[in-house]
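Following: one structure in structure tokens, then a few remarks.
None of the values given here were measured: they were computed from a predicted structure.
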Amino acid sequence: ICLKNEFISDFSTYLKDKRKTLFLCFSIFFIVVFLLLSFYVVDSSPKSWDLLVSQELQEEPSAILDVLMKGFSWLGTVYVAAVMVVVFSLIFLIFKYTKEALFILSCLLSGGVSYVLKMLIDRPRPTTDFVRIVEETHYQSFPSGHVLFYTAFFGTLMVIAISSSILKLSWKLIISSICVAMIVLGAVSRIYLGAHWFTDVIGGFIVGVLFVMLTGSIYLRSKKKQIQ
């Protein structure tokens, strides 16, 4: 029995250390990729793959697509995003899920992260010389603030759903699928509308993932302590 308990304890420690190592490796990987991408786009000229993706997505424009893409993009505007975060936080707070409410509320910080990175990298937006501009935008282009927010917000909802002890597996899959779809559609809408280049969207996604990794790890640790 003693040997069995010792084995279980050693195995738990091994898994815990392995998770920390994986977390560190993924964090370093995403940071390095973002830095390389930042240096790649800093000269401001549109890249061949940026032009290719924009041309493919804008190849067959239509009034219906314009409205749909504007709708998906609208969810990422500053005021709408702030309202979404506050409303979801209040819902969790009403049902006494304080940690989840704070976890979602942390998504408001993604706006500040986006603004600082945009000012530092200072990449201009796409112009009518290269793409069809459906929606006029402000501030710099890299990384995409909309995609950063979508990844942070819907990524946060995914973490809450997947780590939930009361949701069935089917509901976890449904919620996760919807969240992934919203991130993808949000990213596609920004390129279709001529608001961002493909590399801007990738940059926003990477920073969003890093954001969720940081806030998610804090949330999961606090949740684990509460259970213990």
Side-chain angles (χ1 to χ4, degrees), residues 34 37-38 41 44 46-47 49-89 104-119 121-158 175-212:
F34 180 77
L37 195 59
S38 300
V41 304
S44 78
K47 311 303 175 188
W49 53 348
D50 282 332
L51 291 168
L52 179 64
V53 174
S54 292
Q55 286 165 4
E56 285 294 322
L57 289 177
Q58 294 188 333
E59 192 173 14
E60 296 181 10
S62 70
I64 295 173
L65 263 180
D66 287 358
V67 172
L68 284 173
M69 292 301 167
K70 281 182 179 180
F72 284 118
S73 184
W74 176 75
L75 292 172
T77 54
V78 175
Y79 297 113
V80 178
V83 169
M84 282 171 59
V85 169
V86 171
V87 168
F88 271 79
S89 295
I104 291 176
L105 201 62
S106 70
C107 292
L108 292 175
L109 297 172
S110 66
V113 173
S114 171
Y115 181 78
V116 170
L117 290 173
K118 283 177 182 288
M119 294 301 109
I121 298 166
D122 196 27
R123 187 190 197 189
R125 296 274 182 171
T127 63
T128 51
D129 295 332
F130 301 103
V131 299
R132 172 176 171 259
I133 307 296
V134 183
E135 186 177 86
E136 293 294 331
T137 50
H138 306 286
Y139 304 114
Q140 284 70 14
S141 191
F142 184 91
S144 168
H146 278 67
V147 177
L148 198 166
F149 170 73
Y150 283 130
T151 308
F153 180 73
F154 291 108
T156 295
L157 291 180
M158 281 179 66
I175 292 169
S176 297
S177 298
I178 292 170
C179 288
V180 169
M182 289 303 299
I183 294 169
V184 172
L185 288 169
V188 169
S189 73
R190 299 308 288 163
I191 301 172
Y192 175 88
L193 295 171
H196 282 290
W197 296 113
F198 175 67
T199 42
D200 299 334
V201 164
I202 296 299
F205 175 73
I206 291 171
V207 178
V209 168
L210 285 167
F211 185 90
V212 175

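- With hydrogens and angles disregarded, no donor-acceptor distance shorter than 3.5 Å links the side chain of Ser54 to the backbone of Leu51.
- A distance-only check finds a donor-acceptor pair linking the side chain of His146 to the backbone of Ser73 [under 3.5 Å].
- Distance OG/Ser114 to CD/Gln140: 10.0 Å, rounded to 0.5 Å.
- Salt-bridge annotation for Asp200 and Arg190: absent, with no side-chain N of the basic residue lying under 4.0 Å from a carboxylate O of the acidic one.
- Heavy atoms only, all atoms of each residue included: Val147 and Gly204 are closest at CG1-C, 4.1 Å.
- Separation of the Phe34 and Phe142 ring centroids falls under the 6.0 Å cut-off.
- Residues satisfying the ring-ring contact (aromatic ring centres under 6.0 Å, His included) criterion with Tyr115, sequence neighbours excluded, are Tyr139.
- Separating the CG atom in Leu157 from the CD1 atom in Ile175 is a distance of 8.5 Å, to the nearest 0.5 Å.
- The heavy-atom pair separating Ala82 from Leu108 by the smallest distance is CA-CD2, 3.9 Å.
- One finds no salt bridge joining Arg125 and Asp50 here, because no Lys/Arg side-chain nitrogen approaches an Asp/Glu carboxylate oxygen to under 4.0 Å.
- Taking NE2 of His196 as the reference point, atom OG of Ser144 lies at 3.5 Å (rounded to 0.5 Å).
- Taking the side chain as every heavy atom from C-beta outward, Pro124 and Ser141 never approach each other to under 4.5 Å.
- Between Ile191 and Trp197, every side-chain heavy-atom pair lies at or beyond the 4.5 Å cut-off.
- With rounding to the nearest 0.5 angstrom, the CG atom of Leu185 is 11.5 Å from the CD1 atom of Ile178.
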CA sep, side-chain torsions, deciding dist, call: Phe205, Ile183, side chain to side chain contact (heavy atoms under 4.5 Å, CB included): CA-CA 9 Å; Phe205 175 73; Ile183 294 169; 4.3 Å; yes
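- Counting heavy atoms from C-beta outward, Phe149 and Leu75 have side chains that stay 4.5 Å or more apart.
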Side chain to side chain contact (heavy atoms under 4.5 Å, CB included) assessment of Met158 paired with Val180: CA-CA 9 Å; Met158 281 179 66; Val180 169; 3.9 Å; yes
Leu57 vs Phe198, side chain to side chain contact (heavy atoms under 4.5 Å, CB included): CA-CA, chis, key distance, verdict: CA-CA 10 Å; Leu57 289 177; Phe198 175 67; over 6 Å; no
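- Of all non-hydrogen atoms in Cys107 and Ala152, the two that sit nearest each other are SG-O, 3.6 Å.
- Once rounded to the nearest 0.5 Å, the distance linking OG of Ser89 with CD1 of Ile104 reads 5.0 Å.
- Between the OG atom in Ser38 and the CD1 atom in Ile121 there is a gap of 3.5 Å [rounded to 0.5 Å].
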Worked check of side chain to side chain contact (heavy atoms under 4.5 Å, CB included) between Val131 and Ile133: CA-CA 6 Å; Val131 299; Ile133 307 296; 3.5 Å; yes
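- In this structure, the side chains of Thr77 and Val80 come closer than 4.5 Å at one or more pairs of heavy atoms.
- Phe211 places none of its side-chain heavy atoms less than 4.5 Å from the side chain of Thr151.
- Within a 6.0 Å radius of CZ in Phe154, other residues, nucleotides and ligands contribute more than 12 heavy atoms.
- Every pair passing side-chain hydrogen bond (donor to acceptor under 3.5 Å, both in side chains) that includes a residue from residues 56-70 is listed here, sequence neighbours excluded: Asp66-Arg132, Asp66-Tyr192.
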